[in-house]
Undergrad: 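Okay, here's the structure, questions in a sec.
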Amino acid sequence: MELQRREDQGLPERKGQKRKLEEEIQEQPEFSLPAGDGRRALLAEVTAQVNVLSSAFSWREPDRTAAKRATQVLAELAKNEEVVSVIVEGGAVPALVKHLQAPPCEDGDRSPKPFEHEVEKRSAFALGLLAVKPEHQQLIVDSGALPHLVNLLRRQKDGSTSRTVISVIRRAADAITNLAHENSSIKTCVRMEGGIPPLVELLECTDTKVQRAAAGALRTLAFKNDENKNQIVECNALSSLILMLRSEDAAIHYEAVGVIGNLVHSSPNIKKEVLSAGALQPVIGLLTSCCSESQREAALLLGQFAATDSDCKFNIVQRGALRPLIEMLNSPDVQLKEMSAFALGRLAQDTHNQAGILHIGGLVPLLKLLDSKNSSLQHNAAFALYGLADNEDNVSDFIRAGGVQRLQDGEFIVQATKDCVAKTLKRLEEKIHGRVLNHLLYLMRVAEKPVQRRVALALAHLCSPNDQGTIFIDNNGLELLLGLLGSTSSKQQLDGAVALYKLANKAMTLSPMDAAPPSPTPQVDGSMLTESACSLLQMHFMLCLMVAIGKGMQGILKFRTLDGRFLS
């Protein structure tokens, strides 16, 4: 359980996203920005537009025309994030909030209204841009924006499907997204103002941009807010979201998987509801999406699903998730690799999955990820390898691939990863007996020389002292280790030296009365060993081994002290 908790530390927090707003008004701007970047000129321009908005709140056509132009000017200015604070300082927020609602009408007046919905749309758009800066979010809410924005979400209820109505709804949803971004109190205020039910209804809108905007708002509102999560589920959002997961529009399924991810995060009951509603297969389908962000979210979500129970782990694999997850491990996208390693780590806690992950080719890319400089990615890979090492059927392949050396040589960034690696080595050590040991001895006899050496190196560190004679005398393991000392590769020399030292110390435990005093640990710093140093190491380890293992070995190997070489 400790490793499981530590793995959670490597899980990036899901966040609601700020909506990147892009104005789609086609006509050319009817104004010129102030020349230069003078703050005074900009403030004067903002003040002038605010005055227009303050005096033009009516259905008279001149007023509506002036209000439309003023809201457009402020929205265009707000696209430049560097001047947003000046716009707020100029009093734009109360003026824009006022125009989120339509001017009052006389009773019974059903005449066509000039620029109906246009001014509200531009006001919502401008406020959404101002809300990109966290310090302005509360000011906008305190000015009374939320009730008006929620009312704008309901404008489609009158049956109108005009382009302008669709656009004003989308702008209102985007503004709510930016207002609530990483602001817990505003998320709660949106719920209290009744904003969640209309957003859920908009998931079924025929306009895909509205669907996406509504999902984006729900994604933000669900992040780290349990009451909002519960209400979203109670409003029957899951069925719509799961349909959106199957959309061919990448923007749609990306937002949908994001909402579901935020709903299930730290919410076991909602996780069960999501699975019961049929989310598993479409999420697995997103692993092969053309959108890397959707792939990443899907992998993260599958990792969360896999923590539910063993049946879910089994079902994820049976439904085809392993191969695309393993392919992601080779992606140039670091976050994609991180999430796939996270999911595989959770799946690798099941015995059958452990064999499956290795069989499909997950071992080598996970081992390579141990070299990552990204601490979360490195830890997720280490945790997945810890799971794979639990299966006896995987141990030989683990050692054959040089996994023990990678675990021993790795430079691990955080202590949790170091602890995980130590437990993985311990887990492997506990399995070096019976049929696992027999298979390794077989490999040491018939495999290619590099594999034989990897096996001998691993066994020197992991085998029981009682098995040393069988491994290193009867099956020539010692000869393989000694051969490394004569290698032209400094790395192989060092590996051989350290393995022999480890072996000598283990062997001494067999005959403590006759053993020579232990030597200090060789100082291995990665530099090239000199020829004389190699000779001294050879003599030292040979003498230690002769004393410890017994005189029978003296008839197998002869040591010639003149040049420090071993002859059979």
Undergrad: Could I get the full list of side-chain hydrogen bond (donor to acceptor under 3.5 Å, both in side chains) partners for Gln408, not counting sequence neighbours?
TA: His461
Undergrad: What residues, two or more places apart in sequence or in another chain, satisfy salt bridge (Lys or Arg N to Asp or Glu O under 4.0 Å) together with Asp333?
TA: none
Undergrad: Would you give me the side-chain donor-acceptor pairs under 3.5 Å for residues 313-320, sequence neighbours excluded?
TA:
unit_1: Lys313; atom_1: NZ; unit_2: Ala306; atom_2: O; d: 2.8
unit_1: Asn315; atom_1: ND2; unit_2: Asp311; atom_2: O; d: 3.2
unit_1: Arg319; atom_1: NH1; unit_2: Gln281; atom_2: OE1; d: 3.0

Undergrad: Using side-chain hydrogen bond (donor to acceptor under 3.5 Å, both in side chains) as the criterion, list what pairs up with Lys337, not counting sequence neighbours.
TA: none
Undergrad: Applying side-chain hydrogen bond (donor to acceptor under 3.5 Å, both in side chains), name anything that partners Ser375, two or more places apart in sequence or on another chain.
TA: none
Undergrad: Quick one: list whatever passes salt bridge (Lys or Arg N to Asp or Glu O under 4.0 Å) with Asp495, sequence neighbours left out.
TA: Lys491
Undergrad: What pairs with Val451 under side-chain contact (heavy atoms from CB on, under 4.5 Å), at least two apart in sequence or on another chain?
TA: Arg400, Ala447, Arg454, Val455
Undergrad: Would you confirm whether Gln295, through its side chain, and Leu287, through its main-chain N or O, come within 3.5 Å as a donor-acceptor pair?
TA: yes
Undergrad: Residues two or more places apart in sequence or in another chain: which of them pass side-chain contact (heavy atoms from CB on, under 4.5 Å) with Val141?
TA: Gln138, Leu146, Leu179, Ile186
Undergrad: Test of understanding: with side-chain contact (heavy atoms from CB on, under 4.5 Å), list the residues that count as partners of Thr351, not counting sequence neighbours.
TA: Gln354, Asn391
Undergrad: More than 12 heavy atoms of other residues, nucleotides or ligands under 6.0 Å from CD of Glu448: yes or no?
TA: no
Undergrad: Side chain of Asn228, backbone of Ala222: donor and acceptor closer than 3.5 Å?
TA: no
Undergrad: Among all residues two or more places apart in sequence or in another chain, which pass the salt bridge (Lys or Arg N to Asp or Glu O under 4.0 Å) test with Lys426?
TA: none
Undergrad: Mind checking side-chain contact (heavy atoms from CB on, under 4.5 Å) for Asp467 and listing every partner two or more places apart, or none if nothing turns up?
TA: Leu437, Ser464, Ile471
Undergrad: Verify whether one side chain among Thr220 and His181 offers a donor that lies under 3.5 Å from an acceptor in the other.
TA: no
Undergrad: Quick one: side-chain hydrogen bond (donor to acceptor under 3.5 Å, both in side chains) partners of Arg435, sequence neighbours excluded?
TA: Glu392, Asp393
Undergrad: In terms of side-chain geometry, is the basic nitrogen of Arg219 or Glu297 positioned less than 4.0 Å from the acidic oxygen of its partner?
TA: yes
